[in-house]
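Heads up: the structure comes next, in structure tokens.
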Amino acid sequence: PAEPTMVLRLKFLNDTERLARVRPGDTVGALKRAHFPGQEQQVRLIYQGQLLRDDTQSLAALHLAHNSVLHCHVSQHSAAAAPAGPHASADPVRAALNVGSLVLPLFVLMLAVLWYFQLQYRHVFTATATTFLAGLTLLFSFMAFTMYRR
């Protein structure tokens with residue numbers, strides 16, 4: 001007996017929708033291959049606020065019902081695609097000068113230097129300054145671990 005089909009609504013960021021006829025036994029990867037050929041690595045599917053990371057997971061395991069909505073994000077940039085054109089040589093320069101990637105190491109270095117001075121020149125630091133430094137370190141540690149936990 002053939003597996004029954006169901007319709008899923010693929011909703012995009014610009015509020016457009018596409019209907020996808022699937023079987024419950026189909027996997028997330030098969031859905032991406034069927035409806036986004038050649039873009040599988042660029043497509044992110046979200047169901048009930050959860051990113052569907054496992055392409056081997058079946059749609060039945062996700063408890064998708066007929067007419068369920070899957071939110072779709074299609075990235076315009078592919079890691080495999082090489083830049084072409086006159087700006088191709090400027091991209092490595094922009095990547096090398098990306099200051100955003102230096103913020104975390106610079107902040108860690110700044111905290112390390114402040115702790116070094118606090119330990120070496122304890123008489124200069126008041127109790128309030130030491131408490132503030134400890135709080136800033138705890139806050140930064142918490143933020144870093146939650147952001148890079150993935």
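We count residues from 1, following the sequence as given. Please read all numbers here as calculations on a predicted model, not as lab measurements.
Taken to the nearest 0.5 Å, the SG atom of Cys72 stands 13.5 Å off from the CD atom of Gln42. To the nearest 0.5 Å, atoms CG (Leu64) and CG (Leu8) are separated by 5.5 Å. In this structure, OG1 on Thr137 lies 4.5 Å from CG on Leu133, to the nearest 0.5 angstrom. In this structure, the separation between CG on Leu70 and CZ on Arg44 is 14.5 Å, given to the nearest 0.5 Å.
Scored by the side chain to side chain donor-acceptor pair (under 3.5 Å) test, Thr5 finds no partners at all (sequence neighbours excluded). Every residue two or more places apart in sequence or in another chain was checked for a side chain to side chain donor-acceptor pair (under 3.5 Å) with Gln57, and none qualifies.
The minimum heavy-atom distance linking Pro24 with Pro4 is given by the pair CD-O, 3.1 Å. Of all the heavy atoms in Val7 and His66, the pair that sits closest is N-ND1, 3.1 Å. The shortest non-hydrogen separation linking Leu45 to Leu51 is O-CD1, 3.5 Å. Ala20 approaches His35 most closely through the heavy-atom pair CB-NE2, 3.4 Å. A pairwise comparison of heavy atoms in Leu59 and Met6 identifies CB-CE, 4.4 Å as the closest pair. The heavy-atom pair separating Leu114 from Phe125 by the smallest distance is O-CZ, 4.0 Å.
Using a 4.5 Å heavy-atom cutoff, the side chains of Thr56 and Val28 are not in contact. Put simply, the side chain of Leu136 reaches to within 4.5 Å of the side chain of Leu111, judged on heavy atoms.
A side-chain donor-acceptor contact under 3.5 Å links Thr146 to the backbone of Met143.
Under the 30°/60° scheme for interplanar angles, the aromatic rings of Phe36 and Phe12 are found to stand perpendicular. Between Tyr121 and Phe117, the angle of the ring planes lies from 30° to 60°, which puts this pair in the tilted group.
Val124 and Val113 end up in the same hydrophobic cluster when Ile, Leu, Val, Met, Phe, Trp and Tyr side chains are linked at under 4.5 Å. A continuous path of Ile, Leu, Val, Met, Phe, Trp and Tyr side chains, each step under 4.5 Å between heavy atoms, connects Trp115 with Met110, placing both in one hydrophobic cluster. A single hydrophobic cluster is not seen to contain both Leu52 and Val69; linkage of ILVMFWY side chains at heavy-atom distances under 4.5 Å, directly or through other members, places them apart.
More than 12 non-hydrogen atoms from other residues, nucleotides or ligands lie less than 6.0 angstrom from CZ of Phe107.
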Item to check | Full working for side-chain contact (heavy atoms from CB on, under 4.5 Å) between Phe140 and Val108 | outcome: CA-CA 9 Å; Phe140 173 74; Val108 168; 3.6 Å; yes
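Between Glu17 and Arg9 there is a salt bridge, since at least one side-chain N of the basic residue sits less than 4.0 Å from a carboxylate O of the acidic one.
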